[in-house]
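Worksheet for the structure shown next.
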Amino acid sequence: QVQLVESGGGLVQPGGSLRLSCAASGTIFSIDAMGWYRQAPGKQRELVAVATSGGSTNYADSVKGRFTISRDYAKNTVYLQMNSLKPEDTAVYYCNADLSSSFRYAARAYWGQGTQVTVSS
């Protein structure tokens, strides 16, 4: 089975920084894109940032210039460095990976359990 395990959330003051990590483990044949989504109370889940297997990245407009996504392909891990955090960044952050567990199967989406990020003074 495949698991995505996130870490690094917490409470931070406005203007502060946090680094989220997400490691994929289990039976993995290949990983396409890995990324981060977030969901604030009363709002829909939204894309924060994604990194493809080819090395390209994409960010939500609201985090451009403040957040940086990166991947360690050898460790099947994706990171999200979050700087200049704002109260509106407060949400549960979910790791997402499009991966295949076998050459027999097409890639599908897997999700982590979520990690809370709270930006407050």
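In what follows, every heavy atom counts, from backbone to side chain, and hydrogens, waters and symmetry copies are set aside.
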Worked check of side-chain hydrogen bond (donor to acceptor under 3.5 Å, both in side chains) between T77 and D72: CA-CA 5 Å; T77 299; D72 185 327; over 6 Å; no
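- Separation of the Y37 and W111 ring centroids falls under the 6.0 Å cut-off.
- Side-chain N or O atoms of Q3 include none that pairs as donor or acceptor with a backbone N or O of S25 at under 3.5 Å.
- Note on F67 and W36: same hydrophobic cluster, where clusters join Ile, Leu, Val, Met, Phe, Trp and Tyr whose side-chain heavy atoms are under 4.5 Å apart, directly or indirectly.
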Worked verdict on Y59 versus T68 for side chain to side chain contact (heavy atoms under 4.5 Å, CB included): CA-CA 8 Å; Y59 296 91; T68 302; 3.9 Å; yes
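- Salt bridge K64/D61: present, at least one basic N to carboxylate O contact under 4.0 Å.
- If you check the side chains of D32 and S53, you find no donor sitting under 3.5 Å from an acceptor.
- Taking 4.5 Å as the limit, some side-chain heavy atom of F29 sits within range of a side-chain heavy atom of S100.
- Note on Y94 and L18: separate hydrophobic clusters, where clusters join Ile, Leu, Val, Met, Phe, Trp and Tyr whose side-chain heavy atoms are under 4.5 Å apart, directly or indirectly.
- Residues S17 and S84 approach most closely at OG-N, 4.4 Å, considering heavy atoms.
- Residues V78 and V50 are members of separate hydrophobic clusters, defined by side-chain heavy-atom contacts under 4.5 angstrom among Ile, Leu, Val, Met, Phe, Trp and Tyr.
- For the pair R71 and Y79, the cation-pi criterion (under 6.0 Å, within 45° of the ring axis) is not fulfilled.
- Between atom CG of residue N58 and atom CG of residue L47 there is a gap of 6.5 Å, rounded to the nearest 0.5 Å.
- The OG atom of S21 lies 10.0 Å from the NZ atom of K75; values are rounded to the nearest 0.5 Å.
- The minimum heavy-atom distance between M34 and A24, with the atom names listed, is CE-CB, 4.4 Å.
- K43 approaches Q39 most closely through the heavy-atom pair O-NE2, 3.1 Å.
- Counting non-hydrogen atoms of other residues, nucleotides and ligands closer than 6.0 Å to CD of Q113 gives a total above 12.
- By the neighbour-count criterion of 12 heavy atoms within 6.0 Å, atom CD of Q1 is sparsely surrounded, having that number or fewer from other residues, nucleotides or ligands.
- Closest approach of A97 to L4, counting heavy atoms only: N-CD1, 3.8 Å.
- Between the CZ atom of R66 and the CG atom of L85 there is a distance of 6.5 Å, given to the nearest 0.5 Å.
- Contacts of S62 classified as side-chain contact (heavy atoms from CB on, under 4.5 Å), with partners at least two apart in sequence or in another chain: R38, A60.
- Residue Q13 holds its CD atom at 13.0 Å from OG1 of T118, rounded to the nearest 0.5 Å.
- Atoms CG and OH, from N96 and Y110 in turn, are 11.5 Å apart once rounded to the nearest 0.5 Å.
- Using modelled atom types, no side-chain atom of T52 and backbone atom of A33 make a donor-acceptor pair closer than 3.5 Å.
- Residue Q81 holds its CD atom at 8.5 Å from OG of S70, rounded to the nearest 0.5 Å.
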Residue pair V117, M82: steps toward the side chain to side chain contact (heavy atoms under 4.5 Å, CB included) verdict: CA-CA 10 Å; V117 171; M82 305 185 292; 3.9 Å; yes
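- At a threshold of 4.5 Å between non-hydrogen side-chain atoms, the residues P87 and P14 count as touching.
- Side chains of I28 and S101 form no contact here, defined as non-hydrogen atoms less than 4.5 Å apart.
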Verdict with reasoning, S120 to L11, per side chain to side chain contact (heavy atoms under 4.5 Å, CB included): CA-CA 7 Å; S120 175; L11 173 64; 4.2 Å; yes
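- Side chains of T115 and V92 form no contact here, defined as non-hydrogen atoms less than 4.5 Å apart.
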